[in-house]
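Everything quoted here is computed from the prediction, not taken from an experiment. The sequence lines fix the lettering, A, B, ..., with proteins before strands; numbering per chain opens at 1.
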Amino acid sequence: MTTSMVGMRSKILWSVVGWLVVFVFFFPVLWMWLEGLKTEPQAASSPPTILFVPTLSEFQEVLSGDFPPFFINSAIASIASTLLVLVFGLPAAYALAIRPVKKSRDVLFFFISTRFLPFAASLVPLYLLARDLQLLDNILALILIYTTINLPLGVWLLRSFLLEIPPDLFEAARVDGAGFRHEILRIVVPLITPGLAATSLICLIFSWNEFFYAVNLTSSVAATAPLFLVSFISGRGLFYAKLAAAATLASLPVLLAGWIAQKQLIRGLTMGAVK
Amino acid sequence: MRAAGEIGATKALARSHAEASPFNFRAAVARHSLPYALIAPALLVILGVLGWPLVMLLWLSLQHYGLRELFQHQGTFVGLKNFSTILADPQFAYTLRTTIIFTVVNVGLSMLFATLIALLLERVSRFVRVLLGAGLVFVWATPVIPAVNLWQWMFDYEFGVMNWLLTRIGAGNYLHHNWFENPLQGFSVITVIVVWGAIPFLAISLHAGLTQVPRELVEAAQIDGARAWQVFRHVTVPTLRPLLLVLFSLSTIWDFGVFNQVWVLLNQRPAQDYYLMAVFSFQESFRVSQYGLGSAVAVVMIAILVVATFLYVRQTVRSINEGGA
């Protein structure tokens, strides 16, 4: 037996292990997708129904029912907060990357240190503040909070993208007498578009998935998609297929964004420990 | 010739300075203060929405703040009484102990499995790697609430596929088995969910980190006769040190603050056996309406995290310095 054959065999062995891991790991998500395609009695049967004719009726029911307002709230909160992150984050990232001042390191450390706060800790004061400002059950409160949660990561990510622009370009522009406006429009914006896209996707994912503040600061008017899903649980009964269909729909935007932005996401979340 | 040119250049520079100075001064100030002006808005947002509540939290933890105070918008200052109350509360001691054990177990298991999967990713064929990567991303991107719904109902005592599966493969009679009667079993289910949800991000990061380990180093070690385990221990781990520290500290923060999984899994009414720190702080505040006590719990929580992760962060800074030297 040659060494290459041994190599082949171990490769096949590892691949079998890989398949097993994929199956075990992915099973719950797969199960959710399948349940959403069943009818209610099929979904609730025990032992579980393995063979069935897939139907989209539960999806239709969810979409025609009371799910859309929640979905829209989620979209408003995610998109608005993401835009705000870019509006506040890009100038700060530009300053930190291209025109660093003496205290830049401290500012950067301050931004990162906010990631060491547990969510649960600031709930009570935020709740009282929102109440005093009449922002309870108001989507504005969620937009503000999501903006703040995402801002440090956004600045950090955008800065790392800006650092990749060759400094020579700025030098050349300055020698040519280009102003600040020119520098931004002609150099920064075109070169950072992929970075902006990646940062936006990451912010969208986080705010789309956020549950803790949403459940405590909103009730009916401003409730987001995750809250809709939880409302099923208290109801119980024969709603498994509907719940699965709604859960699938709620996770769909994130699945897409996550797949597109996975590389940048790792870079952002590990704070640059992985490039 | 050269000297003359230099003198000429210097003169020209001096002249341009002298000519430009009156209105260049303003430009210089603008140029100098521009970075601050650009950073200020972001800083203000964070200080306002994150910093200010933190100050409020500290202040609340020193007050008696119940329902009456909630309506009056005014608490009564009681000094450190809230802290002495919670420290004397057996529920607090139980919750703190549970949370610490829970965090250690969850961080350990997440990191272990993530490392194994990251190493596996390196050894499989391209096709399986893409497949596994896709599976990881899908699990990672499944929002936590649908994910918990999913598990809740896989472990459901009546319709759950887990009970059916376990009975079917002969692990005993699990039909109509209630997983949440016994906290140890309940926490095992919660651990499965938390670890399952944590693995994708950790594994993908670790795999990305592994691809950055210099090949020559690994090959050199192999030529010197190092076994796979030794290569991992003496080449891979030291190279990945900064990444491992970041992942450890992030996991610690996340697992120490677990709330959603317990909350949703136990139908938003977790029994006291199932309190973790975040749940306890929440219950003290919003269920019992003792906002001062809840804030004190949150302050203790932050203090513990700061102490625990401060060591991590210092280590990270050190290892980055060593790497740079």
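Residue A:Val29 touches chain B through both its backbone and its side chain, counting heavy-atom pairs closer than 4.5 Å. Of the atoms belonging to B:Trp59, not a single heavy atom falls under 4.5 Å from chain A. Both the backbone and the side chain of B:Phe138 come within contact range of chain A, with heavy atoms under 4.5 Å apart. With a 4.5 angstrom heavy-atom cutoff, B:Leu50 touches chain A via backbone and side-chain atoms both. With a 4.5 angstrom heavy-atom cutoff, A:Phe212 touches chain B via backbone and side-chain atoms both. With a 4.5 angstrom heavy-atom cutoff, A:Phe23 does not touch chain B via any of its atoms. Contact annotation for B:Ala40: neither backbone nor side-chain heavy atoms come within less than 4.5 Å of a heavy atom of chain A. At a 4.5 Å heavy-atom cutoff, the contact between B:Tyr65 and chain A is made by side-chain atoms alone. Heavy atoms closer than 4.5 Å to chain A are found in both the backbone and the side chain of B:Leu57. Within the 4.5 angstrom heavy-atom criterion, no atom of B:Leu244 approaches chain A.
At distances below 3.5 Å, at least one donor-acceptor pair connects side-chain atoms of B:Trp196 with backbone N or O atoms of A:Phe25.
In plain terms, the two heavy atoms of B:Leu120 and A:Gly18 that are nearest each other are CD2-CA, 3.8 Å. The two residues B:Ser285 and A:Val124 make their nearest non-hydrogen contact at OG-CG2, 3.2 Å. Shortest non-hydrogen contact noted between B:Ile46 and A:Pro152 is CD1-CG, 3.8 Å. A pairwise comparison of heavy atoms in A:Leu123 and B:Phe286 identifies CD2-CE1, 3.4 Å as the closest pair. Shortest non-hydrogen contact noted between A:Phe88 and B:Pro41 is CD2-CB, 3.6 Å. Nearest heavy atoms, B:Ile302 versus A:Ala121: CD1-CB, 3.5 Å.
The line from CG of A:Leu243 to CD of B:Gln152 is 8.5 Å long, rounded to the nearest 0.5 Å. Taken to the nearest 0.5 Å, the OG atom of A:Ser15 stands 13.0 Å off from the CZ atom of B:Arg126. Distance check: B:Ile145 CD1 to A:Glu210 CD gives 9.0 Å after rounding to the nearest 0.5 Å. The distance from atom CD of A:Glu35 to atom CE of B:Met154, rounded to the nearest 0.5 Å, is 10.0 Å.
In terms of heavy-atom pairs under 4.5 Å with chain B, the best-connected choice from A:Val22, A:Val254, A:Thr148 is A:Thr148. Top candidate by heavy-atom pairs under 4.5 Å with chain B, chosen from A:Ile12, A:Asn216, A:Ile98, A:Val155, is A:Asn216. The residue among B:Pro200, B:Ser295, B:Pro53 with the most heavy atom pairs within less than 4.5 Å of chain A is B:Pro53.
Atom CZ of B:Phe113 sits in a sparse spot, with 12 or fewer heavy atoms from other residues, nucleotides or ligands closer than 6.0 Å. Within 6.0 Å of atom CD in B:Gln74, 12 or fewer heavy atoms from other residues, nucleotides or ligands are found, so the atom counts as exposed in its surroundings. More than 12 heavy atoms of other shown residues, nucleotides or ligands fall within 6.0 angstrom of atom CH2 in A:Trp33.
None of B:Leu121, B:Leu132, B:Leu131 except one satisfies the side chain to side chain contact (heavy atoms under 4.5 Å, CB included) rule with A:Val21; the exception is B:Leu132.
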message: Between B:Val144 and A:Asn209, is the side chain to side chain contact (heavy atoms under 4.5 Å, CB included) condition met? List the steps.
response: CA-CA 7 Å; B:Val144 61; A:Asn209 286 351; 5.6 Å; no
May I have the list of side-chain donor-acceptor pairs in residues 126-134 of chain A shorter than 3.5 Å, sequence neighbours left out?
unit_1	atom_1	unit_2	atom_2	d
A:Arg131	NH1	B:Leu70	O	2.6
A:Arg131	NH2	B:Leu70	O	3.4
A:Arg131	NH2	B:His73	ND1	3.2
A:Asp132	OD1	B:His73	ND1	3.0

